[in-house]
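After the structure tokens below, expect a handful of questions from me.
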Amino acid sequence: PISNGTQFLSTYWPARRVGKAALYQAAGYEIVRHFYEMLRTSLDDLPAASVPVGFELRPVQPEHWRAIWDANEETFRDHWGYTQLGNADYERLLARADFDPSLWRVAWHTASNQVAGVAINVIPAAENSEYQRRRGLVENLSVGRPWRNRGLGRALLVASLSALRDRGQTEAGLSVDAQNISGALRLYEGVGFKQVDHSMFFTKPLEMQ
């Protein structure tokens with residue numbers, strides 16, 4: 001990574017690798033970010049969450065796929081470590097084996113007819129078969145800047161869990177930046193997700209010779 005013209009070496013390790021973490025810290029690396037893998041082990045007891053006034057969830061149509069993807073990408077510009085994605089990345093999304101927009105939940109701002117919030121959900125069939133489980137994933141959850149702090153993220157998350165349950169899944173997982181600026185960790189914990197794994201991102205300034 002490069003910050004303010006300074007180049008850094010970086011690495012990413014599970015927190016459970018205590019010895020490895022200590023080795024990197026001894027070599028001058030600092031922990032700059034924490035990430036959690038989170039799991040909701042049941043989808044039978046979902047909390048109530050209504051869509052705020054002025055928004056509506058609409059079925060995802062093919063003609064809206066790109067607008068939805070663009071809105072999600074624009075929102076993630078605010079997040080730490082953001083890397084701009086382009087047309088090739090969008091095409092890779094469409095080509096994925098688990099690409100299923102019927103699982104997505106998208107909120108539209110009715111007055112402006114703009115995409116206000118996006119939940120991109122998937123069912124990783126091959127992985128579920130390998131591990132003998134029925135786990136859906138909330139891969140991306142985003143709310144645009146003008147529409148935050150109104151309960152829209154919670155409504156999208158609960159709607160996503162309901163969609164995964166209706167498709168036969170019994171649990172749901174997601175990943176989160178623990179220092180996310182929009183308070184995503186609190187949102188997920190408030191809807192019943194629990195931390196099941198913890199990883200850390202280390203950096204060290206690169207000394208130029």
Q) When clusters are formed by joining ILVMFWY residues with side-chain heavy atoms under 4.5 Å apart, either directly or through shared neighbours, do F35 and L137 land in the same one? A) no
Q: With the side chain counted from C-beta on, respond yes when L85 and Y90 share a heavy-atom pair under 4.5 Å apart, and no when they do not.
A: no
Q | CG (N149) with more than 12 external heavy atoms under 6.0 Å | A | no
Q: Tell me whether V122 is reachable from V118 by hopping between hydrophobic residues (I, L, V, M, F, W, Y) whose side-chain heavy atoms are closer than 4.5 Å.
A: no
Q) Is R145 atom CZ crowded by more than 12 heavy atoms from other residues, nucleotides or ligands, each under 6.0 Å away? A) yes
Q) What distance separates R40 CZ from F193 CZ, expressed to the nearest 0.5 Å? A) 7.0 Å
Q. Going by the angle between their ring planes, with limits at 30° and 60°, are H109 and F55 parallel, tilted or perpendicular?
A. tilted
Q.
Side chains of I120 and N72, heavy atoms from C-beta outward: is any pair under 4.5 Å?
A. yes
**Q.** Test item: R154 and V191 side chains (from C-beta on) under 4.5 Å apart, heavy atoms
**A.** yes
Q.
Could you tell me if the side chain of L103 sits less than 4.5 Å from the side chain of V60, heavy atoms only?
A. no
Q) V106 and F99: same hydrophobic cluster, using ILVMFWY side-chain contacts below 4.5 Å? A) yes
(Q) On a heavy-atom basis, which atom in A178 and which in Y36 lie closest, and how many Å separate them? (A) CB-CE1, 3.8 Å
Q: Spell out, as yes or no, whether a donor-acceptor pair under 3.5 Å connects the side chain of D98 to the backbone of P124.
A: no
(Q) Is there a continuous path of hydrophobic side-chain contacts, each under 4.5 Å between heavy atoms, that joins L39 to V158? (A) no
Q: Kindly indicate whether the side chain of T41, heavy atoms from C-beta on, has any atom under 4.5 Å from the side chain of K194.
A: no
Q.
Looking only at the aromatic ring of each residue, does the gap between the centers of H64 and W104 stay below 6.0 angstrom?
A. no
Q: State plainly whether one hydrophobic cluster holds both L93 and W65, where clusters connect Ile, Leu, Val, Met, Phe, Trp and Tyr through side-chain heavy atoms under 4.5 angstrom apart.
A: yes
Q.
Could you check whether any side-chain heavy atom of Y188 comes within less than 4.5 Å of a side-chain heavy atom of V138, counting everything from C-beta outward?
A. no
Q.
What I'd like to find out is whether the side chain of W69 reaches to under 4.5 Å of the side chain of L94, using heavy atoms alone.
A. no
(Q) A side-chain contact here means heavy atoms from C-beta on lying under 4.5 Å apart; do L46 and S162 qualify? (A) yes
Q. Just checking, any donor-acceptor pair under 3.5 angstrom between side chains of S102 and R167?
A. yes
Q. Within the side chain of Q169, is there an N or O that forms a donor-acceptor pair under 3.5 Å with the backbone of D166?
A. no
Q | Salt-bridge criterion met for D45 and R165 (N-O under 4.0 Å) | A | no
